[in-house]
**Student:** 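I am attaching a structure below and will ask some questions about it afterwards.
Excluded from the calculations below are hydrogen atoms, water molecules and symmetry mates; all remaining heavy atoms, backbone and side chain alike, are included. What you see is a predicted model; the values in this text were computed from it and never measured. When a ligand or atom number is given, it counts from 1 through the structure's own listing order.
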Amino acid sequence: MSDRIVAAEVLLTSPGRNYVTLKLTTADGVVGWGDATLNGRELAVAAYLREHLCPQLVGRDPGRIEDTWQYLYRGAYWRRGPVTMTAIGAVDLALWDILGKTAGLPVYRLLGGAVRDRVRAYTHATGWETAQLCDAVDAAVERGFTAVRVQTGVPGLDTVYGVGRGPGYEPAGRGTVPAEETWDTAAYLRHAPAALAEVRAHTGPELALLHDAHHRLTPIEAARLGRALEPVDLYWLEDVTPCENQEVLRRVRAHTTTPLAIGEVFSTIWEFQQLITEQLIDHARAAVTHAGGISSLRRLAALADPWQVRISPHGPSDVSPVAMAAALHVALATPNHGIQEYMGHPGPAHEVFRHAWSCVDGHLHPGDAPGLGVDVDEALAARFPYEPALLPVARRRDGSMTDW
Ligand code: GCO
Ligand code: MG
């Protein structure tokens, strides 16, 4: 007789930052873990899981992974959206974890096996001044990275999202009301191309450089930035325009050959459809959890492949070590995978989530432990209680709200 899910529980923990984790237990005693972290909206996903999905999971056959995905997605009248899709993603990850543990195989073997030996990763370098930024890039290269995302301060602004005044940064700030930042696109556009050109002159031609514009530009500003950055030879320019209107990318694409990466805030394959079939992007950035799990990331890769678009999933500190594991199993087994973002996690997170995956010389590998290869230390997790934390918001100089 097939196995049954007997318990579905949600864990909240904050080992350096908040994480939401789904734990599924089967009648045979197998435990599957899924990441359900949605930065700044953790409790919404926890409630969606606890109140709505967990009761529906108990009694189901854990081996029917695709049917469970279809049940939770197609079966729901109110569907899509980051909260729903992160919850479905967590269930999907936990079920793949159970399948792997039951089979005694790492998930990547169940996905068809490795198509590469290791997964190329990029990490973050930030610096308020360009000299600091170059030092941060050098430090990443010393750690073995062959690809680095570079974010710079902007003269005249006090803060810029994603740029620490010191080394490193954490996207979410503690508290129940978001910090407010001032944003000035003109100042950014005046400064960023020259700063990135200096970084390129410093590194020489081989290092892959990436840059994230965080959805803040109009189409023509984005086109102008892409063109201005062509001499820098970026690996990609990320999230140039707000997420809602994909049509505007046609204008950006018409003006620049700088490769474009988009999609960390997308929740479903349908949001990518036009971007892929019109070849308006080069990299689809869906996070394995935020877009519905391993099952839907594989579908996205299959849609993207004939259009020569690659999947290059989101991987900041708010994608937990469980989701990082899942992303790596997909990456190892997916031909049209580009690069995996690896921002790193706070130290205690590596203790709470003991993972088989590793980062060596700027490359990641999921490891060969059965399932996803992550064990959660629940006793330790309980010592780091959830604390409210939020991403900042930004206003223009005249006080009006500006886009993410
Ligand atoms: C990235 C990102 C992150 C996100 C953060 C939001 O490319 O890594 O843009 O810094 O903003 O993950 O939660
Ligand atoms: Mg980004």
**Student:** Within 45 degrees of the ring normal and closer than 6.0 Å to the centroid, is that where the cationic atom of Arg79 sits relative to Tyr77?
**Tutor:**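 Geometry flag: not set, cation outside 6.0 Å or 45°.
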
**Student:** Any side-chain donor-acceptor pair under 3.5 Å between Tyr19 and Asp318?
**Tutor:**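 Per modelled atom types, Tyr19 and Asp318 side chains form no pair under 3.5 Å.
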
**Student:** Do Gln340 and Ser312 have side-chain atoms, one donor and one acceptor, less than 3.5 Å apart?
**Tutor:**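 No, no side-chain donor-acceptor contact under 3.5 Å.
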
**Student:** Rounded to the nearest 0.5 Å, what's the gap from CG on Leu49 to CD on Gln56? Could you check?
**Tutor:**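 With rounding to 0.5 Å, CG (Leu49) is 10.5 Å from CD (Gln56).
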
**Student:** Applying a heavy-atom cut-off of 4.0 Å, say which part of Glu238 lies close to ligand 1: side chain, backbone, both or neither.
**Tutor:**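 Side chain only.
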
**Student:** Is it possible for you to check whether Arg64 lies under 6.0 Å from the centre of the six-membered ring of Trp69, through NZ or CZ, and within 45° of that ring's axis?
**Tutor:**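 No, Arg64 does not sit over the ring of Trp69.
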
**Student:** Classify the ring geometry between His52 and Tyr48 as parallel (under 30°), tilted (30 to 60°) or perpendicular (over 60°).
**Tutor:**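 Aromatic pair His52/Tyr48 classed tilted.
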
**Student:** Checking one value in my table: which N/O/S atom of Glu264 lies closest to the Mg ion (ligand 2)?
**Tutor:**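 Going by distance to the Mg ion (ligand 2), the closest N, O or S atom in Glu264 is OE1.
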
**Student:** What atoms of ligand 1 come within less than 4.0 Å of a heavy atom belonging to Asn39?
**Tutor:** 6 (C), 13 (O)

**Student:** State, without any angle test, whether His211 and Gln151 hold a side-chain donor-acceptor pair at a distance under 3.5 Å.
**Tutor:** yes

**Student:** More than 12 heavy atoms of other residues, nucleotides or ligands under 6.0 Å from CZ of Arg80: yes or no?
**Tutor:** no

**Student:** May I ask you to check if any N/O/S atom from Glu341 comes under 2.8 Å of the Mg ion (ligand 2)?
**Tutor:** no

**Student:** What is the nearest protein non-hydrogen atom to atom 10 (O) of ligand 1, stated with its residue, atom name and distance?
**Tutor:**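 Of every protein heavy atom, Tyr169 OH, 3.2 Å lies nearest to atom 10 (O) of ligand 1.
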
**Student:** Looking only at side chains, do His124 and Glu341 share a donor and an acceptor under 3.5 Å apart?
**Tutor:** yes

**Student:** Check Val6, Leu95, Val91, Leu24 against Pro62 for a side-chain contact (heavy atoms from CB on, under 4.5 Å) and give me the one that passes.
**Tutor:**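 Checked Val6, Leu95, Val91, Leu24 against Pro62; only one passes side-chain contact (heavy atoms from CB on, under 4.5 Å): Leu95.
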
**Student:** Please determine if the Mg ion (ligand 2) has an N/O/S atom from Asp212 lying under 2.8 Å away.
**Tutor:** yes

**Student:** Can you list the ligand 1 atoms lying under 4.0 Å from a non-hydrogen atom of His124?
**Tutor:**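 In order of number, 8 (O).
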
**Student:** Of all the atoms in ligand 1, which lie at a distance below 4.0 Å from a heavy atom belonging to Pro316?
**Tutor:**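 In order of numbering, the contacting atoms are 8 (O), 12 (O).
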
**Student:** Can you name the N, O or S atom of Glu238 that is closest to the Mg ion (ligand 2)?
**Tutor:** OE2

**Student:** Which atoms of ligand 1 sit under 4.0 Å from any heavy atom of His214?
**Tutor:** 2 (C), 9 (O), 11 (O)

**Student:** Can you sort out which atoms of ligand 1 are near Arg285, meaning under 4.0 Å from one of its heavy atoms?
**Tutor:** 1 (C), 7 (O)

**Student:** In the protein, what heavy atom is nearest to atom 12 (O) of ligand 1, and what distance, to one decimal place, separates them?
**Tutor:** Asp318 OD1, 2.8 Å

**Student:** Give me the nearest non-hydrogen protein atom to atom 3 (C) of ligand 1 as residue plus atom name, then the distance to 0.1 Å.
**Tutor:** His314 NE2, 3.6 Å

**Student:** I'd like to know if Met343 contacts ligand 1, where contact means a heavy-atom distance under 4.0 Å to any ligand atom.
**Tutor:** no

**Student:** Any idea which protein heavy atom is nearest atom 8 (O) of ligand 1, and the distance to it?
**Tutor:**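 Ranking protein heavy atoms by distance from atom 8 (O) of ligand 1, first comes Glu341 OE2, 2.4 Å.
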
**Student:** For atom 11 (O) of ligand 1, what's the nearest protein heavy atom and its distance?
**Tutor:**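 Here the closest protein heavy atom is Tyr161 OH, 2.6 Å.
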
**Student:** Under a 3.5 Å threshold, yes or no: a donor from one side chain and an acceptor from the other, between Trp96 and Ser295?
**Tutor:**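 Note: Trp96 and Ser295 side chains meet the donor-acceptor criterion.
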
**Student:** Just which atoms of ligand 1 are under 4.0 Å from any heavy atom in Asp212?
**Tutor:**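 Those atoms are 1 (C), 2 (C), 7 (O), 9 (O).
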
